[in-house]
Amino acid sequence: MELIVTEKEIAARNIADILSGGSATVEQRNGVNVYAWGGRRCMGLSGHVVESDFPTEYSNWRDVEPVELADAPIEKRTIERAENIVRTLRLLARDADGVVIATDYDREGELIGKEAVDIVREVTDAPVERARYSSMTEREVRAAFAELTALDDDLAAAGEARQEIDLRWGAALTRFLSLVSGRRGQEFISVGRVQSPTLKLIVDREREIEAFEPETYWELSAALETDDGDTRSGDSAGEASGSEETGASEGSFEAQYFDAEAGRGSDRVWEAATAERVDGALREATNAEVVGVARHTRTDDPPHPFDTTQFISAAGSLGYSASRAMSLAEDLYTAGYISYPRTDNTVYPTDLDVEERLSAFLDHPEFGADAGALLEGDRDLTPTEGDEETTDHPPIHPTDELPSAAELGDAEASIYELVARRFFATLAEPAEWEQLRVTVAVGNHRLKANGKRLLDPGYLAVYPYASSAETHLPDVSEGERLSVREVRREEKRTQPPGRRGQSALIETMEEMGIGTKSSRHETIERLYERGYVEDDPPRPTTLAKAVVDAAETFAEQMVSEAMTSRLEADMDAIARGESSLEEVTEESRELLEAVFAELEASREDVGDLLRESLRTDATLGPCPECGSDLLVRRSRHGSHFVGCDGYPDCEYTLPLPSTGEPTLLEATCEEHDLRHVKLLAGSKTFVHGCPMCRAAAADAEPDRLIGDCPDCGETAGGELAIKSLRTGSRLVGCTRYPDCEYSLPLPRRGDIEVTDERCGEHALPELVVHDEDDDDPWELGCPICNFATYEQRRSADGLEAIDGIGEKTADKLADAGVESLADLRGATAEGVADAVSGVSAEAVRKWQTDASAGADAD
DNA sequence: GCAAGGTC
């Protein structure tokens with residue numbers, strides 16, 4: 001029997017299908033699909049099935065000096081999730097008299113193949129061969145299996161070098177920085193070859209923004225009108241204007257002053273006196289003369305095929321975050337509607353029959369007409385090409401399986417349309433624009449106006465994501481006199497560079513050569529998880545600035561993209577057989593040890609710098625009692641509070657809300673000079689504001705009595721009251737607290753109205769909550785009944801019943817809006833993982849499976 | 001408890 005091993009399940013299915021001519025059968029072994037036909041079996045891996053790590057004796061951060069990791073042994077272990085796959089591989093290999101490695105045709109594919117070979121070698125000496133195909137088409141795959149080659153050990157070794165170097169540098173430096181900064185628990189300081197240069201990219205831009213000093217300038221413009229005020233349209237000679245106009249109306253248009261003597265960017269006036277003088281001259285003038293009319297035709301080429309980066313970028317313009325876009329693309333890929341979404345390739349393989357693929361859309365209700373238009377006549381359907389042609393996967397394109405409208409959710413449908421239309425666009429003609437530039441003289445001064453008209457929409461007809469907006473100007477000719485209608489002078493300030501959005505970051509990472517098509521969006525997610533960036537576009541936290549600062553000073557290699565370029569060069573040398581895994585990792589080890597020698601020598605400086613920055617990050621402002629700094633601190637129980645740096649001499653404290661992770665905002669309280677506090681709690685994130693104001697407000701708010709305490713009212717005369725706590729939360733509690741701890745929760749926001757209506761069962765007044773952001777008041781009702789239904793809903797659904805969800809996690813999930821099994825099933829794994837710190841999408845998917853299994857059992 | 005790279 002011949003065993004074929006692919007990188008992923010779908011590839012196994014496709015290869016079995018192609019090689020068997022559709023006759024392959026499938027059976028499950030250890031829950032893994034195995035395809036069988038003739039004398040062949042085919043199974044898929046799930047990417048890497050083994051991972052590298054240090055032996056367990058190195059796992060205690062305090063017992064092991066971080067630098068020891070530079071040459072500690074490294075073990076390979078089966079990845080837990082892949083255990084069944086490995087078991088099945090061994091099982092099948094025992095019966096195999098030949099094995100073909102058919103993993104992806106790239107460096108990691110070679111390494112994944114070698115991992116499979118190592119497992120196969122545990123049970124058999126059967127010969128191993130390698131199939132290399134660059135697209136999953138019948139011709140390519142058949143050709144690959146007709147010309148089997150050997151596994152490229154050098155290429156696999158290059159991949160291993162990367163693995164080892166990334167692990168040693170990342171783990172050793174992460175531990176060192178975490179330990180030296182005195183951070184405890186889960187909040188370690190993470191650095192790595194890819195994440196740290198990415199973080200530096202973000203921090204550097206923020207530094208530019210912070211250092212930016214705006215300059216004042218003026219822009220002057222005038223509304224001009226042709227003397228007859230007619231509607232002649234100038235930007236398409238002789239053609240009647242059929243489309244709606246943007247910009248000018250009738251015979252009038254706006255022209256902007258520019259300094260004809262100066263070069264580019266000369267429409268900005270930098271001196272107030274000049275602006276004043278030109279403004280005066282323009283205002284005095286009644287007439288202007290057209291002194292130049294320049295027309296030219298511009299060809300606007302259709303875009304090249306989608307690689308991952310360009311796809312993420314295009315999806316970003318539609319409002320999808322990078323990871324959301326990838327997650328949707330993966331869904332469409334798994335469902336069989338689009339090709340593999342992780343690719344650097346921008347050239348369609350020659351055996352992709354674009355005409356056939358396009359024809360498949362002819363009957364499509366939405367895209368049929370566009371596909372038809374592209375196929376009309378005997379047009380040459382030569383697709384556009386980008387610069388990058390790789391062997392692993394084709395550019396992202398629709399497959400021959402078309403989804404029906406009902407099969408896709410809204411977001412999936414819009415991403416599918418994007419991919420389909422991009423494919424159309426790569427087969428379409430260029431768009432043609434006519435550009436018109438009119439220059440006008442007012443005395444010695446010059447004004448200009450630009451117009452553009454779409455002569456031929458070309459690819460824009462099938463690809464509406466690129467703008468086809470026109471700017472129309474009236475048809476004026478040289479020497480023509482115009483009236484000056486209105487003059488405007490605007491004072492403006494130069495703006496700092498903008499923050500890079502996720503797409504721009506991913507594009508820059510690609511230009512810098514860091515990360516991969518599959519991992520760049522995950523790296524950005526990781527920066528969010530580590531508390532290095534907030535918001536979208538990502539803005540660095542103080543911690544991020546401190547880490548980049550420290551790394552720049554003491555381990556420059558870690559934040560430099562040069563580390564990756566050097567690694568790439570070394571890997572290429574290994575792959576060419578000019579260097580070896582041992583040589584490269586040995587050299588890297590020496591470099592890492594040299595970095596550590598410096599770090600150790602500056603150990604205290606590094607610690608001081610990080611601690612100081614972390615302290616700044618946690619500093620609210622001056623203590624009202626002793627003038628030292630007030631800091632966000634963590635109590636022994638894990639809850640946060642505001643404490644004085646002068647402790648134990650000064651014992652001043654302020655409480656903080658118990659939900660969420662506190663972060664400090666730039667905004668400061670005018671009265672107390674303290675920074676505002678925001679609590680990050682997924683979808684329930686809220687701004688607490690100045691904790692001193694909140695405490696004072698709570699102190700000033702009198703308790704409102706609403707009835708007898710059900711626990712001690714009869715025995716001890718306790719009464720229930722609506723109370724505001726200094727943490728900012730509110731509750732209904734007993735007046736005999738702390739002797740009686742009876743309490744019911746109340747919402748944090750909104751004015752609570754105590755109505756005259758009483759609950760028949762508990763004799764308490766019905767409450768209504770008025771939120772200023774919400775016109776619709778919330779009829780909370782009797783607080784006891786309200787709490788009872790809330791509890792019932794929570795416990796009946798029993799999130800805690802699921803393996804891996806404890807009380808704490810359930811609380812965190814509830815904070816993120818996932819309060820029941822139904823909520824969990826209805827949520828997207830990525831969405832939940834985004835909202836809840838320390839929870840991976842993988843874990844959520846497992847919970848969802850468990851939740852559904854539980855529901856089936858009911 | 002560390003990284004980055006596959007895959008889902």
Side-chain angles (χ1 to χ4, degrees), chain A residues 6-12 44-54 56 58-64 66 68-70 72 74 79 81-82 85 103-104 106-116 156 158-179 183-198 323 326-335 340-342 392-393 509 514-523 525-526 529-530 558 563-564 567 571 588 592 828-830 833 838 840-846 848-849:
Chain A
T6 67
E7 186 154 326
K8 40 192 171 277
E9 206 283 328
I10 295 180
L45 304 172
S46 179
H48 287 286
V49 289
V50 295
E51 64 188 338
S52 294
D53 208 348
F54 302 108
T56 44
Y58 288 85
S59 55
N60 188 314
W61 291 31
R62 293 191 176 275
D63 294 348
V64 178
E68 291 181 55
L69 300 182
I74 290 179
I79 294 175
R81 212 190 51 259
I85 290 174
T103 48
D104 290 356
D106 58 15
R107 186 166 55 219
E108 290 299 322
E110 212 68 17
L111 178 54
I112 291 166
K114 180 163 183 285
E115 290 164 7
E160 272 186 285
R162 181 206 54 72
Q163 270 189 341
E164 183 177 336
I165 290 169
D166 281 343
L167 175 63
R168 293 192 190 283
W169 281 74
L173 288 171
T174 294
R175 284 192 191 184
F176 182 87
L177 293 182
S178 303
L179 289 170
R183 295 215 105 185
R184 284 182 301 273
Q186 295 180 308
E187 296 173 359
F188 54 87
I189 293 178
S190 164
V191 287
R193 176 179 56 85
V194 174
Q195 60 165 289
S196 299
T198 306
S323 36
M326 283 310 285
S327 160
L328 289 164
E330 278 153 22
D331 289 346
L332 290 168
Y333 157 70
T334 315
Y340 194 62
R342 299 188 267 258
D392 49 356
H393 298 284
M509 289 170 78
I514 55 175
T516 69
K517 63 215 182 225
S518 325
S519 67
R520 289 188 192 108
H521 68 278
E522 292 170 355
T523 297
E525 280 303 299
R526 169 168 298 177
E529 280 166 26
R530 296 283 188 258
M558 202 73 257
M563 175 129 179
T564 294
L567 184 62
M571 284 195 292
S588 164
L592 180 56
T828 63
E830 284 71 24
S840 69
E842 199 175 295
V844 179
R845 272 190 281 271
K846 188 179 166 299
Q848 286 174 325
T849 318

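Each chain gets a letter, A, B and so on, in the order its sequence line appears, and its residues count up from 1.
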Counting any heavy atom closer than 4.0 Å, what does [X] reach on the DNA or RNA strands: base, sugar-phosphate only, or nothing?
X      : value
A:R530 : sugar-phosphate
A:Q163 : base
A:V191 : sugar-phosphate
A:T523 : nothing
A:G109 : nothing
A:S46  : base
A:Q195 : sugar-phosphate
A:R175 : base
A:I79  : base
A:Y340 : sugar-phosphate

What is the distance from [atom1] of [X] to [atom2] of [N], rounded to the nearest Å?
X      : N     : atom1 : atom2 : answer
A:M563 : B:dA4 : CE    : P     : 10 Å
A:M571 : B:dG5 : CE    : P     : 9 Å
A:R107 : B:dG6 : CZ    : C1'   : 13 Å
A:F54  : B:dA3 : CZ    : P     : 11 Å
A:E529 : B:dA3 : CD    : C1'   : 14 Å
A:E115 : B:dG6 : CD    : P     : 12 Å
A:H393 : B:dT7 : NE2   : C1'   : 11 Å
A:E522 : B:dC8 : CD    : C1'   : 11 Å

**Asked** Do we count A:W61 as stacking onto B:dG1 if the rule is ring centres under 5.5 Å and planes under 30°?
**Response**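 Ring-base stacking flag set for A:W61 and B:dG1.
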Heavy-atom check, side chain of [X] versus side chain of [Y], under 4.5 Å:
X      : Y      : value
A:R526 : A:T198 : no
A:I112 : A:H48  : yes
A:R81  : A:S46  : yes

Please determine whether a side-chain nitrogen or oxygen atom of [X] lies at a distance below 4.0 Å from atom OP1 or OP2 of [N].
X      : N     : result
A:R342 : B:dT7 : yes
A:S518 : B:dG5 : no
A:T516 : B:dG6 : yes
A:S190 : B:dA3 : yes

**Request:** Using the side chain to side chain contact (heavy atoms under 4.5 Å, CB included) rule, take A:I514 and A:R193 through it: C-alpha gap first, then chi angles, then the decisive distance, then the call.
**Result:** CA-CA 8 Å; A:I514 55 175; A:R193 176 179 56 85; 5.8 Å; no
**Prompt:** Between A:Y58 and A:K517, which is nearer to the 5' end of DNA chain B once each is assigned its nearest nucleotide?
**Reply:**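 Its nearest nucleotide being more 5', the pick is A:Y58.
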**Along DNA chain B (nearest heavy atom to each residue), the more 5'-positioned of A:W169 and A:D331** =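 First, find each residue's nearest nucleotide; the 5'-ward one identifies A:W169.
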**Prompt:** Within the modelled atom types, does a donor on one side and an acceptor on the other bring the side chain of A:D53 and the base of B:dC2 under 3.5 Å apart?
**Reply:**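 Looking at the base of B:dC2, it does pair with a donor or acceptor on the side chain of A:D53 (distance under 3.5 Å).
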Of the listed nucleotides [options], the one nearest the side chain of [X]:
X      : options             : value
A:R162 : B:dG6, B:dC2, B:dA4 : B:dA4
A:E108 : B:dA3, B:dG5, B:dC8 : B:dG5
A:R526 : B:dA4, B:dG5, B:dT7 : B:dA4

**Request:** Over all heavy atoms of both residues, which pair between A:G44 and A:T6 is shortest? Give the atoms and the distance, please.
**Result:**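 Distance-wise, the nearest heavy atoms are CA-OG1, 3.2 Å.
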**Request:** Indicate whether the side chain of A:T516 and that of A:S519 have a donor and an acceptor atom separated by less than 3.5 Å.
**Result:**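 Per modelled atom types, A:T516 and A:S519 side chains form a pair under 3.5 Å.
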**Asked** Thinking salt bridges, do A:K517 and A:D106 make one under a 4.0 Å N-O criterion?
**Response**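 A salt bridge links A:K517 with A:D106.
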